[in-house]
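This structure is a prediction, so every number in the text was calculated from the model and none was measured. A, B, ... follow the sequence lines: proteins, then strands. Residue 1 opens every chain.
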2 protein chains.
Amino acid sequence: MRAKIGQRNDHTFCGVEATLEVIGGKWKGVILYHLVPETLRFGELGKLMPKITQRMLTRQLRELEGDGLVHRKVYPVVPPRVEYSLTERGRTLAPLIMQLKNWGDAYLSKEQPGTGFDTETPGD
Amino acid sequence: MRAKIGQRNDHTFCGVEATLEVIGGKWKGVILYHLVPETLRFGELGKLMPKITQRMLTRQLRELEGDGLVHRKVYPVVPPRVEYSLTERGRTLAPLIMQLKNWGDAYLSKEQPGTGFDTETPGD
DNA sequence: CTCCTTAGTATACAAAGTGATAGTATAAAC
DNA sequence: GTTTATACTATCACTTTGTATACTAAGGAG
């Protein structure tokens, strides 16, 4: 599924799906979001997303890199240092990411007015 | 996992994730996209997305309904007739959906220069 | 020599998502 | 009585995602 984006032979494949495939991973949107303002090291990204495991962070980053949205810069030092930043193409996603965030924030603050549907956050 | 949107017990939960949770399903973006210009019946949506199974169409639609983005109108007739349309909240997603599509189309046209894939826009 | 660091990888396993197929309900048409 | 139509639901199997945990490399500190 990660192999090639946009190679589905069915003619209904469109940009909506393509974009969602690229940013739709569980953490990709947030990773991209964090990378918009600044370049970050692997560990820094991890601290910004306490719930993510190293494995997932690695994987999502690799996929993002594979899709040409994120650049990975390795410094051959010990201990290792790797920096992640948005590529030019990745930067073109910034407005979209921001819109994603804005809509989401608004959505969260409104919480389903009287649909009988429960979207409430319990005490936790 | 569909149970609750916005469980931001951890402070890193943000709008980006919330939005992605809502539209990130495999078919949700496309469903929403098809519903932007017009109300559609269950079967019509199915025809617009030949690859989707009834099961998935039903489920994605229910989740969208549960998230308050899609309205489901049932006509008590035989054979059954059910119409799906965007709710007011769903309409607020339209610009985002379009941006998703635009970015994706641009991405596809650059990533795959002439691989014979088809980027036809459904319902455009 | 052992321990510490960072950015991973390897392995095992659980959960979620997806697909194929078949079945249900009801009224009208035949 | 059987078939047709629509919008589902149920079941099973399989694939993808995600988690937890342990382990690696290589140089410096002690």
Trainee: Atom CD1 of I52(A) and atom P of dA7(C): how far apart are they, to the nearest Å?
Mentor: 14 Å

Trainee: Considering every strand and a 4.0 Å limit on heavy-atom distances, what is the contact class for Y84(A): base, sugar-phosphate, or nothing?
Mentor: sugar-phosphate

Trainee: Just distance, no hydrogens or angles: give the donor-acceptor pairs under 3.5 Å from side chains in residues 73-83 of chain B, sequence neighbours left out.
Mentor:
unit_1: Y75(B); atom_1: OH; unit_2: E83(B); atom_2: OE1; d: 3.1
unit_1: R81(B); atom_1: NE; unit_2: E83(B); atom_2: OE2; d: 3.4
unit_1: R81(B); atom_1: NH2; unit_2: E83(B); atom_2: OE2; d: 3.0

Trainee: Specify the separation, in whole Å, of atom NZ of K28(A) and atom P of dT16(D).
Mentor: 14 Å

Trainee: Quick one: side-chain contact (heavy atoms from CB on, under 4.5 Å) partners of Q54(A), sequence neighbours excluded?
Mentor: F42(A)

Trainee: Working to the nearest 0.5 angstrom, can you tell me the gap between L35(A) CG and H71(A) NE2?
Mentor: 12.0 Å

Trainee: Indicate yes or no: at least one non-hydrogen side-chain atom of R89(B) is less than 4.5 angstrom from one of K110(A).
Mentor: yes

Trainee: Just compare dT18(C), dA7(D), dT9(D) and give me whichever is closest to any side-chain atom of M56(B).
Mentor: dT18(C)

Trainee: Please give, in whole Å, the distance from dG8(C) P to K73(A) NZ?
Mentor: 15 Å

Trainee: Do K28(B) and L20(A) come within less than 4.5 Å of each other through their side chains, counting heavy atoms only?
Mentor: no

Trainee: Check every strand shown and say whether R59(B) touches a base, only sugar-phosphate, or nothing at a heavy-atom separation below 4.0 Å.
Mentor: base

Trainee: I need the CG-P distance between L57(B) and dT18(C), as an integer number of Å.
Mentor: 13 Å

Trainee: Could you pull out the protein-nucleic contacts involving nucleotides 12-15 of chain D (nitrogen or oxygen on both sides, under 3.5 Å)?
Mentor:
none

Trainee: Among residues at least two apart in sequence or on other chains, which ones pass side chain to side chain donor-acceptor pair (under 3.5 Å) with T53(B)?
Mentor: none

Trainee: Any donor-acceptor pair under 3.5 Å linking the side chain of T19(B) with the backbone of G104(A)?
Mentor: yes

Trainee: Check whether any side-chain N or O of R81(A) sits under 4.0 Å from OP1 or OP2 of dG8(C), and answer yes or no.
Mentor: no

Trainee: One character per nucleotide, please: for nucleotides 23-30 of chain D, 5' to 3', B when the base has a protein heavy atom closer than 4.0 Å, S when only the sugar-phosphate does, - otherwise.
Mentor: ---BS---

Trainee: Within less than 4.0 Å of OP1 or OP2 of dT19(D), is there a side-chain N or O belonging to K26(A)?
Mentor: yes

Trainee: Do H34(A) and L45(A) have side chains that get closer than 4.5 Å, going by heavy atoms?
Mentor: yes

Trainee: Residues two or more places apart in sequence or in another chain: which of them pass side chain to side chain donor-acceptor pair (under 3.5 Å) with W103(B)?
Mentor: T92(A)

Trainee: Which comes earlier along DNA chain D counting from the 5' end, the contact point of Q60(A) or that of T58(B), where each point is its nearest nucleotide?
Mentor: T58(B)

Trainee: Report the nucleotide, chosen from dA7(D), dG19(C), dG8(C), that has the shortest atom-to-atom distance to any side-chain atom of W27(B).
Mentor: dG19(C)

